[in-house]
A.B. asks: 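The following block contains the structure, expressed as C-alpha cells.
We're numbering straight along the sequence, starting at 1.
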Amino acid sequence: MRTLRAFTAAGAAALLATAGTATAAPSPPPAPTAQLTDAQVDTAVRRLDATVAEMMRRTGVPGVSVAVVHDDKVVYLKGFGLRRVGDPATVNPDTVFQVASLSKPISSTVVAGVLKDPAEFDRHTELPGFALKDPWVTSHVTTADLLSHRSGLPDHAGDLLEDLGYDQAYILDHLRLAPLSPFRASYAYTNFGFTAGAEAIARSHGTTWQKLSADTLFKPAGMAHTSTEFRAFVDAPDHAATHVKNPDGTWSPRFVRDPDAQAPAGGVSSTARDMSRWLRLQLSGGTLDGKRIIPADTLARTHLPEIVSQPPASPTARTGFYGLGWNVGYDDAGRLRLSHSGAFELGANTSVAMLPLEKLGIVVLTNGAPVGLPDAVAADFFDTAEHGKATTDWLALTGALYAQINAEGRSPTDYAHPPTGAKPAGEDSAYTGTYENPYYGKATVAATSRGKLTLSLGPEPMVFPLTHYDGNTFSFETAGENAVGRTGVFFSPADRTVRIEYLDADHLGTFTGG
C-alpha cells in the first residue's frame, strides 16, 4: 500500500503530466500598486482642519498637533487648541508632546540604524540584570523577540512595578519571576520586554539609550526637539501639559507622567514638525533630504510581520500582525499599512499611520488621556483619501474601543458598597505588620491615630488608606498609569498573608508576613 505522502506525490506528478510540458508554472498574483492620486490626497488634507476641530469639540481634548507627509513632502503641519487648560498659550507644530507608545516605532528605527544586517535582529539579546523565568528562553531570546512582544512575558509585565515607583533596573531584574506563555508562539504587549531589547543594544554599543537615539536618529534627521528623557520634556518651554477628563466632562492637567523607566517603549517626547521628518525618513526607506540616515534593509525588517497580534474573528476577516515596533496589516487592496498608537492614562494620546506604497503618512499628537481622537483623525484621513469622504463615524468606533480597554482589569466587586450583613473586621493587630513579596517587595499595614488602616507599597513608599468591606476584606483606590479604581485586599490572619487583587493578575500578588 502506498503511503499518503507517496499518493500525494504521485497525484501531483499526474497533474503536472496532464498539464503538458510546454505549459509554464502559474504566476504569482501581481503585487499591489499605488492607487491614490494627488487630488485624492489633497481632498483628505483639505478636510483635516474641520475634522480635528469637530473631534476636539466632541471630546474636549485641549490640544492637538498634526503632520501629514506625501511623496516626501510635508503637506500639512498644524497645531490646535491649548498647551495647558487655564493658560492662553496655544499648540503649534513645534509644541513638544509626550508620544507614549508611539516611542516604539521610533525606537525600532534607532535599533535599525545601529545594526549592520537585518539578521542581527535575530541574535541573542544579552542585558546584565535581565532574565526570564525559563533559563532556556533567557539564553535564546533575541532582539526581534523582545521588540515584537513574543518573548512569552505576560501582558504589560512590569508596568505595575513602575506605577509603584520602582526604577528600570529593579523592574528588569524582577521580570525573571513573571510566568511565561509559549515562547515565539504567543503575543503579549510588554513595555519592559521591549525596553530590555532596546537597552541591550545600547549597552552593547557602550552607551546610554538617550545618547544612542540622539546620535543615530535625532541629530542626523534634524529632530532638534525630540528626546527620550523626561527631563528634556518638562524643561522644554513650549511643551503640552498632560490632561485627564473630569466627571463633569472638563479636562484638567492633574497628573505628571514620568516614563523614564521604560524610555525606549514609552519615553519619547517630540513635535509634529520633528515627527514629519521621521515620517519622511520612514517613507523614503531611511533617507532624508538626500542623505542616508538608516540602512534600507534593516529599516525594512522593522516593517515585516513577526507575530500574529490579532487573529481574525471570522474566516473573511483580516489578520493583524506586530512587527518590530509596528502594527503591521494589509488592506483590501493588499497594500501594507503600518501604524501605532500611544496612550498615557495620565494624559496623552497619539497615533501614527502610513501606507508606504502610497508614500503617505500621518501623525497626530494630543495632550489628553485616550478617548480615541488621534486614531479617529488618522482613520478619517485615509478613509477620505480613499473614498472622497468618511464612510463611518471613526471617533465613535475608536472611542468605544478605548472605553472597553479602560474597563479591563477593574474588579467585578463594587467595594464602595459593602454587602448587607457584612462581617466586622478583626482587631487591627490581626492585620498590621510587614509582609514580603519577591516581586513587589515590601507591603506594610499600619494603624493610624484615627483608627484606620493604611497599606504602604513600593520603594518610597506609596501610602493607601484602607476601607473595610467585609470580614477580613478591605479595599483601596489604586493610583498611577494603570489604576483600575478600587481593588480588594484579602487578609488571612491565620497564615499571615495578604493578597492584593489588582497585583495578582499573574498570581504574583500575595505577600507573606513574618
A.B. asks: Within this structure, what is the CG-CD distance for the pair D260 and E162, rounded to the nearest 0.5 Å?
C.D. replies: 9.0 Å
A.B. asks: Going from CG on D495 to OG1 on T512, what distance comes out if it is rounded to the nearest 0.5 angstrom?
C.D. replies: 8.0 Å
A.B. asks: Examine distances only and state if a side-chain atom of N246 and a backbone atom of G249 form a donor-acceptor pair shorter than 3.5 Å.
C.D. replies: no
A.B. asks: Can you give me the closest heavy-atom contact between M462 and D163, atom names plus distance?
C.D. replies: SD-O, 3.4 Å
A.B. asks: Using distance only, find each side-chain donor-acceptor pair of residues 394-408 under 3.5 Å and give its atom names and separation, not counting sequence neighbours.
C.D. replies:
residue, atom, partner, partner atom, Å
W394, NE1, D383, OD2, 2.9
T398, OG1, G372, O, 2.9
T398, OG1, W394, O, 3.1
T398, OG1, L395, O, 3.4
Y402, OH, D375, OD2, 2.8
N406, ND2, Y402, O, 3.3

A.B. asks: Taking all non-hydrogen atoms of both residues into account, name the closest pair between H468 and F474 and its distance.
C.D. replies: CA-CD2, 3.5 Å
A.B. asks: Tell me, with the steps shown, if E501 and Y415 meet side-chain hydrogen bond (donor to acceptor under 3.5 Å, both in side chains).
C.D. replies: CA-CA 12 Å; E501 184 178 21; Y415 290 106; 3.0 Å; yes
A.B. asks: Quick check: does any side chain N or O of D274 sit under 3.5 Å from a backbone N or O of V96, one acting as donor and the other as acceptor?
C.D. replies: no
A.B. asks: Any non-hydrogen side-chain atom of Q168 less than 4.5 Å from a side-chain atom of T195?
C.D. replies: yes
A.B. asks: Can Y440 and Y166 be said to form a ring-ring contact (aromatic ring centres under 6.0 Å, His included), step by step?
C.D. replies: CA-CA 9 Å; Y440 289 106; Y166 288 104; 8.1 Å; no
A.B. asks: Decide yes or no for V445 and V498: does some side-chain heavy atom of the first lie under 4.5 Å from some side-chain heavy atom of the second?
C.D. replies: no
A.B. asks: With under 30° as parallel and over 60° as perpendicular, where do the rings of Y189 and H340 fit, or are they tilted in between?
C.D. replies: tilted
A.B. asks: What is the distance from atom OG1 of T350 to atom CG of L373, rounded to the nearest 0.5 Å?
C.D. replies: 11.5 Å
A.B. asks: Measure from NZ or CZ of R257 to the centre of the six-membered ring of F344 and say whether it is under 6.0 Å with the direction within 45° of the ring axis.
C.D. replies: yes
A.B. asks: Counting only pairs under 3.5 Å, give me each side-chain donor-acceptor contact of residues 178-185, with atom names and distances, residues two or more places apart or in other chains.
C.D. replies:
residue, atom, partner, partner atom, Å
S181, OG, G152, O, 3.2
S181, OG, S186, OG, 2.8
R184, NE, D145, OD1, 3.0
R184, NE, D145, OD2, 3.1
R184, NH2, H140, O, 3.2
R184, NH2, D145, OD2, 3.0

A.B. asks: Show, in sequence, the C-alpha distance, side-chain angles and deciding distance for T226 and S270, and conclude whether the side-chain hydrogen bond (donor to acceptor under 3.5 Å, both in side chains) test is met.
C.D. replies: CA-CA 4 Å; T226 303; S270 189; 2.7 Å; yes
A.B. asks: Please evaluate residues V114 and S204 with respect to the criterion side-chain contact (heavy atoms from CB on, under 4.5 Å), reporting the C-alpha separation (whole Å), side-chain torsions for both, the decisive distance (0.1 Å), and the verdict.
C.D. replies: CA-CA 11 Å; V114 298; S204 70; over 6 Å; no
A.B. asks: Report the C-alpha separation of S65 and T95 in whole Å, then their side-chain angles, then the decisive distance to 0.1 Å, and conclude whether the side-chain contact (heavy atoms from CB on, under 4.5 Å) test is met.
C.D. replies: CA-CA 8 Å; S65 199; T95 298; 5.7 Å; no
A.B. asks: Does the distance from a Lys or Arg side-chain N to an Asp or Glu carboxylate O, for D122 and R301, drop under 4.0 Å?
C.D. replies: yes
A.B. asks: Of all heavy-atom pairs between A198 and P264, which one has the smallest distance, and what is that distance?
C.D. replies: CB-CB, 3.5 Å
A.B. asks: Checking T302 side chain against L324 main chain: does a donor-acceptor pair fall under 3.5 Å?
C.D. replies: no
A.B. asks: Is there side-chain contact between L365 and T271, with heavy atoms separated by less than 4.5 Å?
C.D. replies: no
A.B. asks: State whether D428 and K452 are salt-bridged, where the test is any N-O pair (Lys NZ or Arg NE/NH1/NH2 against Asp/Glu carboxylate O) under 4.0 Å.
C.D. replies: no
A.B. asks: Check this for me, if you would: do K245 and E345 make a salt bridge, where the nitrogen-to-carboxylate-oxygen distance has to be below 4.0 angstrom?
C.D. replies: no
A.B. asks: Please report the interatomic distance OG1(T478) to CG(L503), rounded to the nearest 0.5 Å.
C.D. replies: 9.5 Å
A.B. asks: Out of curiosity, L281 CG to M223 CE, how far, rounded to the nearest 0.5 Å?
C.D. replies: 8.5 Å
A.B. asks: List the atom of G267, the atom of P259, and the distance in Å for their closest heavy-atom pair.
C.D. replies: CA-CG, 3.7 Å
A.B. asks: Scan V363, V91, I362, T366 and name whichever one has a side-chain contact (heavy atoms from CB on, under 4.5 Å) with V66.
C.D. replies: I362
A.B. asks: Can you say whether the rings of F321 and Y330 are parallel (under 30°), tilted (30 to 60°) or perpendicular (over 60°)?
C.D. replies: perpendicular
A.B. asks: Kindly say whether A494 contributes a backbone atom to a donor-acceptor pair with the side chain of S492 at under 3.5 angstrom?
C.D. replies: no
A.B. asks: Should the pair K219-D215 be classified as a salt bridge under the 4.0 Å nitrogen-to-oxygen rule?
C.D. replies: yes
A.B. asks: Assign the ring pair F491 / Y431 to parallel, tilted or perpendicular, where the plane angle (0 to 90°) is split at 30° and 60°.
C.D. replies: tilted
A.B. asks: What's the shortest heavy-atom distance between L455 and L466, and which atoms?
C.D. replies: CB-CD2, 3.9 Å
A.B. asks: Show your reasoning for whether side-chain contact (heavy atoms from CB on, under 4.5 Å) applies to F130 and L146.
C.D. replies: CA-CA 12 Å; F130 171 72; L146 292 168; 4.1 Å; yes
A.B. asks: Does the cation-pi check pass for R337 over F382, that is, NZ or CZ under 6.0 Å from the six-membered ring centre and within 45° of its axis?
C.D. replies: yes
A.B. asks: Would L127 and L172 count as a side-chain contact (heavy atoms from CB on, under 4.5 Å) if you check the C-alpha gap in whole Å, the side-chain angles of each, and the deciding distance to 0.1 Å?
C.D. replies: CA-CA 9 Å; L127 178 66; L172 294 182; 3.8 Å; yes
A.B. asks: Determine whether a donor-acceptor pair (N or O, by modelled atom type, separation under 3.5 Å) exists between the side chain of T487 and the backbone of Y502.
C.D. replies: yes
A.B. asks: For F192, which of E199, Q262, H156, H174 qualifies under side-chain contact (heavy atoms from CB on, under 4.5 Å)?
C.D. replies: Q262
A.B. asks: Does NE2 belonging to H507 count more than 12 external heavy atoms closer than 6.0 Å?
C.D. replies: no
A.B. asks: Quick one, D506 and Y439 - any side-chain contact, counting heavy atoms below 4.5 Å?
C.D. replies: no
A.B. asks: Looking only at atom types and distance, does a side-chain atom of T216 sit under 3.5 Å from a main-chain N or O of L212, one as donor and one as acceptor?
C.D. replies: yes
A.B. asks: When you measure from the side chain of T448 to the backbone of L453, do you find a donor-acceptor pair of N or O atoms at a distance under 3.5 Å?
C.D. replies: no
A.B. asks: Hey, what do you get for CG (L115) to OG1 (T143), rounding to the nearest 0.5 Å?
C.D. replies: 6.5 Å
A.B. asks: Checking R499 against T510: is there a side-chain donor and acceptor pair closer than 3.5 Å?
C.D. replies: no
A.B. asks: Could you walk me through whether T109 and Q282 pass side-chain hydrogen bond (donor to acceptor under 3.5 Å, both in side chains), step by step?
C.D. replies: CA-CA 8 Å; T109 309; Q282 285 283 336; 2.8 Å; yes
A.B. asks: Between D297 (side chain) and P118 (backbone), is there a donor-acceptor pair under 3.5 Å?
C.D. replies: no
A.B. asks: Quick check: does any side chain N or O of T190 sit under 3.5 Å from a backbone N or O of H149, one acting as donor and the other as acceptor?
C.D. replies: no
A.B. asks: Can you give me the closest heavy-atom contact between N191 and S101, atom names plus distance?
C.D. replies: OD1-OG, 3.9 Å
A.B. asks: Dump the intermediate steps for ring-ring contact (aromatic ring centres under 6.0 Å, His included) on F464 and F476, then the final yes or no.
C.D. replies: CA-CA 6 Å; F464 302 95; F476 69 92; 4.7 Å; yes
A.B. asks: For the side chain of T59 and the backbone of M55, is there at least one donor-acceptor N/O pair under 3.5 Å apart?
C.D. replies: yes
